[in-house]
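Single-structure report; data block below.
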Amino acid sequence: MLVAHERKRRVRDPERTRERLLQAAYREVLRTGFQGAGIDTILAATNLTKGALYYHFASKEALGYAIVDEIIAKLVHDRWLRPLLSDGQQPIDILIGIVRRIPARTQDVRAGCPLLNLSQEMSPLDEQFRKRLEKIFLDWQEGVATLLRKGKAQGTVRRDLNPDESASFLVAMVEGYASLAKNAQDAKVWEMGIRNIVGWLRSLRVPRQSPKRGRPMSKKHVVRRGR
């Protein structure tokens, strides 16, 4: 009786049912794109009915919007926005750490960035998709820009830097290399991208100062001091 009761409770758990549908739909969209994602395939993966799906999502589009709002936005928040608030590290070190932690497994590279994938596919076709995806991009850029402004105030980021433009450039580099790696189906392309992005981020630091003259130390001077 207890086993039957527990099974019945799980079946009638609406939040769990909704989450199962959402995660299955996300995996299918990541695999085939939104337009190619089939409702029957999603239902087969969850062993649920169309009635269950349309109880929680009025349409396939509503399901897609929920994927953007609840899964993709959370991915960007967890991977970028939350680490940007870290204490005890300089802003450039925080950004380098985030970039280096982006998954570089073969399966991740082949699937591509879900934010980028949906933006390329659906932004020209559906205004609701476009607005939702744009908000994620803007929040991402603003988070990076805020951190760079903090670095300028601390004196660890170059004074001539434009935080907003640099944040936009960083996002463009990350997504650009993600696109190149996906097209090549090669994790080595992404690894090269990480090295280049990290090198650019290092260039944003305030140059090291000579202790005697207060000027940036030349490479020749650094070598001599190290002897």
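Bear in mind the structure is a predicted one, so any value in this text is a computation, not a measurement. All values below come from the heavy atoms of this structure, side chains included, with hydrogens, waters and symmetry mates left out.
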[X]: what forms a salt bridge (Lys or Arg N to Asp or Glu O under 4.0 Å) with it, not counting sequence neighbours?
X: Asp186; result: none
X: Arg31; result: Glu28
X: Glu70; result: Arg18

Name all pairs fulfilling the side chain to side chain donor-acceptor pair (under 3.5 Å) condition that reach into residues 114-125, sequence neighbours left out, sorted by first residue then second.
Gln35-Glu121, Asn117-Lys182

Quick one: side chain to side chain donor-acceptor pair (under 3.5 Å) pairs with a partner in residues 85-106, sequence neighbours left out?
Asp93-Arg205, Arg105-Asp108

Listed by chain and number, what are the ring-ring contact (aromatic ring centres under 6.0 Å, His included) partners of [X], not counting sequence neighbours?
X: Phe169; result: Trp200
X: Tyr65; result: Phe129
X: Trp190; result: none

Tell me whether Lys60 contacts the main-chain N or O of Phe34 through its side chain, where contact means a donor paired with an acceptor under 3.5 Å.
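A pair under 3.5 Å: yes.
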
Between His56 and Leu63, is a side chain to side chain contact (heavy atoms under 4.5 Å, CB included) present by the stated rule, with each step listed?
CA-CA 9 Å; His56 293 284; Leu63 179 58; over 6 Å; no

In Å and rounded to the nearest 0.5 Å, what is the CG to CD1 distance from Leu85 to Ile94?
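Answer for the CG-CD1 pair, Leu85 versus Ile94, is 8.5 Å.
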
For a quick check under 3.5 Å, do Gln128 and Arg132 share a side-chain donor-acceptor pair by atom type?
yes

Residues in side-chain contact (heavy atoms from CB on, under 4.5 Å) with [X], at least two apart?
X: Ala172; answer: none
X: Leu81; answer: His77, Leu84, Asp139
X: Tyr55; answer: none

Is it the case that atom CG in Asp78 sees more than 12 heavy atoms from other parts of the structure closer than 6.0 Å?
yes

Trp80: which of Val174, Val171, Leu75 passes side-chain contact (heavy atoms from CB on, under 4.5 Å):
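Of all the options given, the one that passes is Val174.
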
Enumerate the residue pairs fulfilling salt bridge (charged side-chain N to carboxylate O under 4.0 Å, His left out) with a member in residues 162-180, sequence neighbours excluded, ordered by first and then second residue.
Arg149-Asp164

Salt bridge or not between Lys131 and Glu134? Use side-chain N to carboxylate O under 4.0 Å.
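Salt bridge absent between Lys131 and Glu134.
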
Do Ile39 and Tyr54 make a side-chain contact, defined as non-hydrogen atoms from C-beta onward lying under 4.5 Å apart?
yes

